A.B. asks: 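Let me give you the structure first, and then I'll get to my questions.
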Amino acid sequence: MKLYVGTYTDSGSKGIYVYDTDKNYGEFDLLQSVEQENPSYIALSPNGRMLYAVTENGDGPSYISSYEINVRGELRFRNMMATSQNGLCHVAVSPDGRWLLAAAYSSGGLSVLKIREDGSIGEEVKVLSFDDGCVENISHIHCSAFIPDGRYVYITDLGRDSIYRYVYNADSIDKPLGDIKIFCMRSGSGPRHIAFGKNGNFMYVITELAATVEVFDITAGELLHLQTHTITKEGGDGGDIVISPDGRLLFASIREKSNCVAVFAIGDNGLLRKVSYVNTNLHPRSILLSPCGAKLLVASMKENNVRTYDISSEKGELYPSTGIIRVLRPVCIIFGTV
């Protein structure tokens, strides 16, 4: 199994790191380091043969790079494409592998780029701007996520406390995102990242400013709000959110004040019940479940490491394991599939 780690490069990190790991995720051997400026978010193509990485440059120009993944899991640079947006912080790949969606926190838009037949990045065909959000504020687009069946794309706007839903037009040449609907979040919540339940009927949104998990029923393509669950009484900034492969557990990280990961049980009705939490190292920005769901990896940006936690199969409790990677400023971690 290969682990890919995206980092901020302002403190000496090279960029993207590739590690070999054993089946217990207790040992990590560095396979490759690839120089790229601030690859703060990375994503795989559906077939696992390409990796895409944003270059996050604050208010400066931002780029997306593509890498081919060989049989050993190593990265080979293919191309880099400029966007018209600033401060890219997230990239999503359409389920059919035809389009890239790049979220821009600083300039507040969403870049839509074509993926070529060979997996490299094509031109930016459209930029979505968001002037009709729920709050009169500057848009800060934080992520986009395709629902499991690929019919819709949901986009979080932290600045305007809004979630946008687009119809995905897979066969469109120049307008892959069609009709839009706008859903208003609680003022000051700051929606950040999205996870979907196993059956695709429920969507979970972690808020950065309110440090909550918001639960929605999306069965009919709408957003029916079901629950607000505070992650921790101590507060902090919401970080990342993932759901176990069996759909029974949800994990949410909090940075700054609390520096922890909370674990929730997911009921058949989609509602959450908190079962445990564990204190982590500083700033758990990115969390990742092993494919079997028995381990949780936590990237602590300000502690300069990625640590493995065992997950109790009965209660979902987290216990620190022996696996740890020392790497500067880790901010995004994903497993390879090739």
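From a predicted model like this one, the values you see are computed outputs, not experimental measurements.
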A.B. asks: Among side-chain atoms of S111 and E124, is any donor-acceptor pair under 3.5 angstrom?
C.D. replies: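 Side-chain D/A pair, S111 to E124: present.
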A.B. asks: Indicate yes or no: at least one non-hydrogen side-chain atom of F335 is less than 4.5 angstrom from one of L297.
C.D. replies: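 Yes, their side chains come closer than 4.5 Å.
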A.B. asks: If we ignore hydrogens and angles and just use 3.5 Å, is the side chain of T83 paired with the main-chain N or O of S62 as donor and acceptor?
C.D. replies: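 Yes; at least one donor-acceptor contact below 3.5 Å.
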A.B. asks: Would you say I69 ends up clustered with L31 if hydrophobic residues are merged whenever their side chains have heavy atoms under 4.5 Å apart, either directly or through other cluster members?
C.D. replies: yes
A.B. asks: Short question: side chain of S276, backbone of V263 - any donor-acceptor pair under 3.5 Å?
C.D. replies: no
A.B. asks: Going by distance alone, is a donor N or O of one side chain under 3.5 Å from an acceptor N or O of the other, for E256 and S258?
C.D. replies: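 Side chains of E256 and S258: no pair found under 3.5 Å.
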A.B. asks: Minimum heavy-atom separation for P95 to P46, with atom names?
C.D. replies: O-CG, 3.3 Å
A.B. asks: For the residue pair S120 / R78, report whether a side-chain donor-acceptor contact shorter than 3.5 Å exists.
C.D. replies: no
A.B. asks: Please examine the side chains of I333 and V306, heavy atoms only from C-beta on, and report whether any two atoms are closer than 4.5 Å.
C.D. replies: yes
A.B. asks: Under 3.5 Å, is there a donor-acceptor pair linking the side chains of E37 and Y63?
C.D. replies: no
A.B. asks: Is there a donor-acceptor contact under 3.5 Å from the side chain of S162 to the main chain of C184?
C.D. replies: no
A.B. asks: Take atom NZ of K114 as the centre, draw a 6.0 Å sphere, and report whether it contains more than 12 heavy atoms from other residues, nucleotides or ligands.
C.D. replies: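 Yes, NZ of K114 has more than 12 neighbouring heavy atoms, counting only those of other groups under 6.0 Å.
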A.B. asks: Please work out whether the ring planes of Y154 and F183 are parallel, tilted or perpendicular, with thresholds of 30° and 60°.
C.D. replies: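 Correct class here is tilted.
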A.B. asks: Quick check: do S286 and V331 have side-chain heavy atoms less than 4.5 Å from each other?
C.D. replies: no
A.B. asks: Report the distance from atom CG of N47 to atom CZ of R49, rounding to the nearest 0.5 Å.
C.D. replies: 5.0 Å
A.B. asks: Between N259 (side chain only) and H283 (backbone N and O only), is there a donor and an acceptor less than 3.5 Å apart?
C.D. replies: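 Side chain of N259 to backbone of H283: a pair is present.
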A.B. asks: Is it the case that more than 12 heavy atoms not belonging to D179 sit under 6.0 Å from its CG atom?
C.D. replies: no
A.B. asks: Applying salt bridge (Lys or Arg N to Asp or Glu O under 4.0 Å) to K181 and E222, what does each step give before you reach the verdict?
C.D. replies: CA-CA 9 Å; K181 282 194 173 182; E222 302 293 330; 2.5 Å; yes
A.B. asks: In terms of side-chain geometry, is the basic nitrogen of R255 or E208 positioned less than 4.0 Å from the acidic oxygen of its partner?
C.D. replies: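 Salt bridge: yes.
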A.B. asks: First locate atom CD1 of I42, then atom OH of Y67, and finally report the distance between them rounded to the nearest 0.5 Å.
C.D. replies: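 Interatomic distance, I42 CD1 to Y67 OH, rounded to 0.5 Å: 10.0 Å.
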A.B. asks: Between S40 and V54, is there a side-chain heavy-atom distance shorter than 4.5 Å?
C.D. replies: yes
A.B. asks: Give me the atom names and distance for the closest heavy-atom approach of I16 to A53.
C.D. replies: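 Scanning both residues, the minimum pair turns out to be CD1-CB, 3.9 Å.
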A.B. asks: Between F251 and Y277, does the ring centre distance come in under 6.0 Å?
C.D. replies: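 No, the ring of F251 stays outside the 6.0 Å limit from the ring of Y277, centre to centre.
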A.B. asks: For L88 versus T55, what's the shortest heavy-atom pair and its separation?
C.D. replies: CB-O, 4.4 Å
A.B. asks: Which distance, rounded to the nearest 0.5 Å, do you find between the CG of L282 and the NZ of K302?
C.D. replies: 7.5 Å
A.B. asks: Between atom CD1 of I121 and atom CG of N79, what is the distance when rounded to the nearest 0.5 Å?
C.D. replies: 5.0 Å
A.B. asks: Using the ring of Y8 (Phe, Tyr or Trp, six-membered ring only), decide whether R329 places NZ or CZ under 6.0 Å from its centre and within 45 degrees of its axis.
C.D. replies: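 Cation-pi check for R329 and Y8: fails.
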A.B. asks: Side chain of H229, backbone of I231: donor and acceptor closer than 3.5 Å?
C.D. replies: no
A.B. asks: A side-chain contact here means heavy atoms from C-beta on lying under 4.5 Å apart; do I243 and F196 qualify?
C.D. replies: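 Of all side-chain heavy-atom pairs linking F196 with I243, none is under 4.5 Å.
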A.B. asks: Passes side-chain contact (heavy atoms from CB on, under 4.5 Å), M203 versus I194? Steps please.
C.D. replies: CA-CA 7 Å; M203 185 173 82; I194 292 171; 3.6 Å; yes
A.B. asks: Quick check against the 3.5 Å criterion: does N38 have a side-chain atom that pairs as donor or acceptor with the backbone of E56?
C.D. replies: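 Yes; judged by distance alone, with no hydrogens or angles, the pair exists.
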A.B. asks: I64 vs L100, test: side-chain contact (heavy atoms from CB on, under 4.5 Å). Steps then yes/no.
C.D. replies: CA-CA 9 Å; I64 306 177; L100 284 176; 4.2 Å; yes
A.B. asks: Determine whether L271 and I241 fall in the same hydrophobic cluster, where Ile, Leu, Val, Met, Phe, Trp and Tyr are linked whenever their side-chain heavy atoms lie under 4.5 Å apart.
C.D. replies: yes
A.B. asks: Would you sort out whether D171 and R98 count as a salt bridge (Lys or Arg N to Asp or Glu O under 4.0 Å), showing the intermediate values?
C.D. replies: CA-CA 9 Å; D171 296 325; R98 297 181 182 181; 3.1 Å; yes
A.B. asks: With distance as the sole criterion, is a donor-acceptor pair present between the side chains of T7 and S13 under 3.5 Å?
C.D. replies: yes
A.B. asks: With a 3.5 Å distance limit and no angle check, can you tell me whether T156 reaches the backbone of R192 through a side-chain donor-acceptor pair?
C.D. replies: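 Yes: the side chain of T156 pairs with the backbone of R192.
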A.B. asks: Check this for me: does any side-chain nitrogen of one of R76 and E68 sit under 4.0 Å from a carboxylate oxygen of the other?
C.D. replies: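 E68 and R76: salt-bridged.
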A.B. asks: Would T21 and E27 satisfy side chain to side chain donor-acceptor pair (under 3.5 Å), going step by step from the backbone distance to the final call?
C.D. replies: CA-CA 6 Å; T21 179; E27 295 184 4; over 6 Å; no
A.B. asks: Under a 3.5 Å threshold, yes or no: a donor from one side chain and an acceptor from the other, between D29 and Y19?
C.D. replies: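 No pair is found: no donor N or O on one side chain lies under 3.5 Å from an acceptor on the other.
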A.B. asks: I'd like to know if R186 and D161 make a salt bridge, using a cut-off of under 4.0 Å between side-chain N and carboxylate O.
C.D. replies: no
A.B. asks: Answer whether the closest heavy-atom distance between the side chains of Y164 and I141 falls below 4.5 Å.
C.D. replies: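 Yes, at least one pair of side-chain atoms sits under 4.5 Å.
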A.B. asks: Rounded to the nearest 0.5 Å, how far apart are OG of S139 and CG of L158?
C.D. replies: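 With rounding to 0.5 Å, OG (S139) is 10.0 Å from CG (L158).
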A.B. asks: Could you tell me whether a side-chain N or O of N70 sits under 3.5 Å from a main-chain N or O of G73, the two making a donor and an acceptor?
C.D. replies: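 Yes, because the side chain of N70 sits within donor-acceptor range (under 3.5 Å) of the backbone of G73.
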A.B. asks: Please report the closest heavy-atom contact between L328 and S11, naming both atoms and the distance.
C.D. replies: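 In this case the closest contact between L328 and S11 is CD1-O, 3.3 Å.
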A.B. asks: Students often mix this up, so state it plainly: with edges at 30° and 60°, are the rings of Y168 and F146 parallel, tilted or perpendicular?
C.D. replies: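 Y168 and F146: perpendicular rings.
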A.B. asks: Quick one: do K295 and D310 make a salt bridge, cutoff under 4.0 Å?
C.D. replies: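 Looking at D310 together with K295, the answer is yes, because their closest N to O distance falls below 4.0 Å.
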A.B. asks: Working to the nearest 0.5 Å, report the span between CG of L177 and CG of L101.
C.D. replies: 5.5 Å
A.B. asks: Of the options H90, Q85, H140, which is the one that meets Y105 in a side chain to side chain contact (heavy atoms under 4.5 Å, CB included)?
C.D. replies: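 Single side chain to side chain contact (heavy atoms under 4.5 Å, CB included) partner of Y105 among H90, Q85, H140: H140.
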A.B. asks: With the side chain counted from C-beta on, respond yes when V93 and L44 share a heavy-atom pair under 4.5 Å apart, and no when they do not.
C.D. replies: no
A.B. asks: What's the verdict on side-chain contact (heavy atoms from CB on, under 4.5 Å) for L226 and F216, showing C-alpha distance, side-chain angles and the deciding distance?
C.D. replies: CA-CA 5 Å; L226 301 179; F216 298 91; 6.0 Å; no
A.B. asks: Is the backbone of G190 close enough, under 3.5 Å, to the side chain of T207 for a donor and an acceptor to pair up by distance?
C.D. replies: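 No.
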A.B. asks: Indicate yes or no: at least one non-hydrogen side-chain atom of F202 is less than 4.5 angstrom from one of I266.
C.D. replies: no
A.B. asks: Please assess R116 against D118 for the test salt bridge (Lys or Arg N to Asp or Glu O under 4.0 Å), listing each intermediate value before the final yes or no.
C.D. replies: CA-CA 5 Å; R116 298 169 179 156; D118 63 358; 5.7 Å; no
A.B. asks: For G200 and P148, which heavy atoms make the closest approach, and how far apart are they?
C.D. replies: CA-CG, 4.1 Å
A.B. asks: How are the rings of H193 and Y41 set to each other: parallel, tilted or perpendicular (split at 30° and 60°)?
C.D. replies: perpendicular
A.B. asks: Any sub-3.5 Å donor-acceptor pair from S94's side-chain atoms to W99's backbone N or O?
C.D. replies: yes
A.B. asks: With a cut-off of 6.0 Å (strictly less than), are more than 12 heavy atoms of other residues, nucleotides or ligands near CD1 of I138?
C.D. replies: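 Not more than 12 within 6.0 Å, no.
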A.B. asks: Report the C-alpha distance between D246 and K198 in whole Å, list the side-chain angles of each, state the deciding distance to 0.1 Å, and finish with yes or no for salt bridge (Lys or Arg N to Asp or Glu O under 4.0 Å).
C.D. replies: CA-CA 7 Å; D246 61 9; K198 185 178 181 181; over 6 Å; no
